[in-house]
**Q** 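I have a structure I would like to understand better, so I am pasting it below and will then ask my questions one at a time.
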Amino acid sequence: MSESALREQICLLARSLFERGLTHGSTGNISARTEDGGLLVSPTGTSFGRLDPARLSKFNDKGKQIEGDRPTKEMPLHAAFYDTRSTAGAVVHLHSCHSVALSMLPGIDPENFLPPLTPYAIMQLGKVKLLPIFVPGDPAMGEAVRGLAGKRSAVMLANHGPVVAAKDVEAACNAIEELEATARLTLLLRGEQPIPLNREQVHAVVSKFDVEWDD
């Protein structure tokens, strides 16, 4: 994909997320690899609903900003995924309501934030690691992701929001939407007695779709 097409795609997908309430105000950030190994990144303080393709922050393959507005303050978070996951072609971070709400509830497994209610979150995300609370923009978020040594494509920042890395920006947006949908489903079923996928069913999905999954 050419850089100009990638710029348009980033803004189109970001606007779609914003218009459907998956992030709000000036929250959230998004980045994607360019053909030459650089990065395009949403600027700080901007709304997903009004990103300008021409003003995206651009970094070269050495990590130096060479064009555009000042980037999101969460750059250490994005850089941690790119540096530890060779397959990462895009990273998306949202402040999506249901996943944030779920992160505040007791009894959540920090090693596997989402219960196995459907195959789809497993297929697109693997296990989601719940990380503790950080001050927004704290480089320690990036260090926490680096500490996972590339073993997770998605993390949930407690009281903050999900972060997902994937092969390209469309895949990353699809995966983070699946995370939010599964969190919403979990909250809808709270207090009921849902029947999740059992261990054998989970492993059947993991095996068929070659999902990163550790017991």
Side-chain angles (χ1 to χ4, degrees), residues 13 16-17 20-23 28 30 32 77-78 80-134 141 144-215:
L13 291 171
S16 175
L17 293 170
R20 291 177 294 118
L22 289 160
T23 200
I30 186 169
L77 187 59
H78 289 248
F81 274 106
Y82 290 116
D83 289 348
T84 58
R85 290 184 63 85
S86 61
T87 57
V91 175
V92 181
H93 168 42
L94 301 179
H95 293 189
S96 42
C97 183
H98 297 91
S99 55
V100 174
L102 185 62
S103 78
M104 300 178 193
L105 296 179
I108 300 298
D109 181 358
E111 295 301 320
N112 196 10
F113 173 64
L114 297 175
L117 298 177
T118 75
Y120 304 103
I122 296 170
M123 290 160 54
Q124 295 194 49
L125 298 155
K127 287 185 178 179
V128 178
K129 172 75 173 181
L130 176 63
L131 295 177
I133 299 171
F134 295 95
M141 283 189 281
V145 170
R146 291 179 191 279
L148 300 175
K151 294 180 180 179
R152 301 294 177 97
S153 67
V155 299
M156 181 67 206
L157 304 171
N159 301 65
H160 187 161
V163 193
V164 172
K167 64 179 182 178
D168 56 43
V169 69
E170 184 172 13
C173 288
N174 286 342
I176 206 165
E177 286 197 53
E178 191 63 48
L179 193 159
E180 173 66 3
T182 303
R184 182 183 182 193
L185 187 59
T186 303
L187 292 173
L188 286 171
L189 292 169
R190 195 97 173 162
E192 302 296 331
Q193 295 181 325
I195 303 172
L197 276 65
N198 61 34
R199 183 181 177 86
E200 290 74 22
Q201 291 165 333
V202 168
H203 280 276
V205 173
V206 167
S207 177
K208 180 173 182 178
F209 295 96
D210 193 26
V211 176
E212 296 176 82
W213 194 269
D214 56 353
D215 289 322

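Owing to the predicted nature of the structure, the values given are computational and were not obtained by experimental measurement.
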**Q** Would you list the pairs meeting side chain to side chain donor-acceptor pair (under 3.5 Å) in which at least one residue belongs to residues 152-162, sequence neighbours left out?
**A** His93-His160, His95-His160, Glu111-Arg152

**Q** Taking all atoms of both residues into account, what is the closest heavy-atom pair of Ala172 and Val92, and its distance?
**A** CB-CG2, 3.7 Å

**Q** Below 4.5 Å, heavy atoms only, C-beta onward: do Lys167 and Thr87 meet side chain to side chain?
**A** no

**Q** Might you work through the side chain to side chain contact (heavy atoms under 4.5 Å, CB included) test for Ile30 and Val169, ending with a clear yes or no?
**A** CA-CA 8 Å; Ile30 186 169; Val169 69; 3.6 Å; yes

**Q** Is there a side-chain contact between Val155 and Phe81 in this structure, where contact means two heavy atoms from C-beta onward sitting under 4.5 Å apart?
**A** yes

**Q** Taking all atoms of both residues into account, what is the closest heavy-atom pair of Val206 and Ile122, and its distance?
**A** CG2-CG2, 4.0 Å

**Q** Of the options Leu114, Thr182, Asn112, which is the one that meets Val128 in a side chain to side chain contact (heavy atoms under 4.5 Å, CB included)?
**A** Leu114

**Q** Identify, with sequence neighbours excluded, every residue that meets salt bridge (Lys or Arg N to Asp or Glu O under 4.0 Å) alongside Arg184.
**A** none

**Q** What's the spacing between Ile176 CD1 and Leu13 CG if we round to 0.5 Å?
**A** 12.0 Å

**Q** Kindly indicate, with the supporting measurements, whether the criterion side chain to side chain contact (heavy atoms under 4.5 Å, CB included) is fulfilled by Val91 and Leu77.
**A** CA-CA 9 Å; Val91 175; Leu77 187 59; 6.0 Å; no

**Q** Looking only at heavy atoms, which two atoms of Leu17 and Cys173 are closest? And how far apart?
**A** CD1-SG, 3.9 Å

**Q** Would you say that more than 12 heavy atoms from the other residues, nucleotides or ligands in this model lie under 6.0 Å from the OH of Tyr120, or not?
**A** no

**Q** Would you name the heavy atoms of Val211 and Met123 that are closest together and state the gap between them?
**A** CG2-CA, 4.0 Å

**Q** State, to 0.1 Å, how close Leu179 and Ala154 come at their nearest heavy-atom pair, and which atoms those are.
**A** CD1-CB, 4.4 Å

**Q** Within the 4.5 Å heavy-atom criterion, are Ser99 and Pro162 side-chain neighbours or not?
**A** yes

**Q** Please report the interatomic distance OG1(Thr186) to CG(Leu117), rounded to the nearest 0.5 Å.
**A** 4.5 Å

**Q** Do you know the tightest heavy-atom contact between Ala175 and Leu125?
**A** O-CD2, 3.6 Å

**Q** Whether the side chain of Ser207 engages the backbone of His203 through a donor-acceptor N/O pair (distance < 3.5 Å, no angle test) should be reported.
**A** no

**Q** For the atom pair CD1 (Ile108) and OG (Ser103), what is the distance rounded to the nearest 0.5 Å?
**A** 8.5 Å

**Q** Determine whether more than 12 heavy atoms belonging to other residues, nucleotides or ligands lie under 6.0 Å from atom CG of Leu105.
**A** yes

**Q** I need the Phe134 CZ to Met141 CE distance, nearest 0.5 Å.
**A** 7.5 Å

**Q** Taking 4.0 angstrom as the limit, do Glu180 and Arg20 come out as a salt bridge?
**A** no

**Q** Measure the CG-OG1 distance between Leu197 and Thr118 for me, rounded to the nearest 0.5 Å.
**A** 7.5 Å

**Q** Report the distance from atom CD of Gln201 to atom CD1 of Ile195, rounding to the nearest 0.5 Å.
**A** 10.0 Å

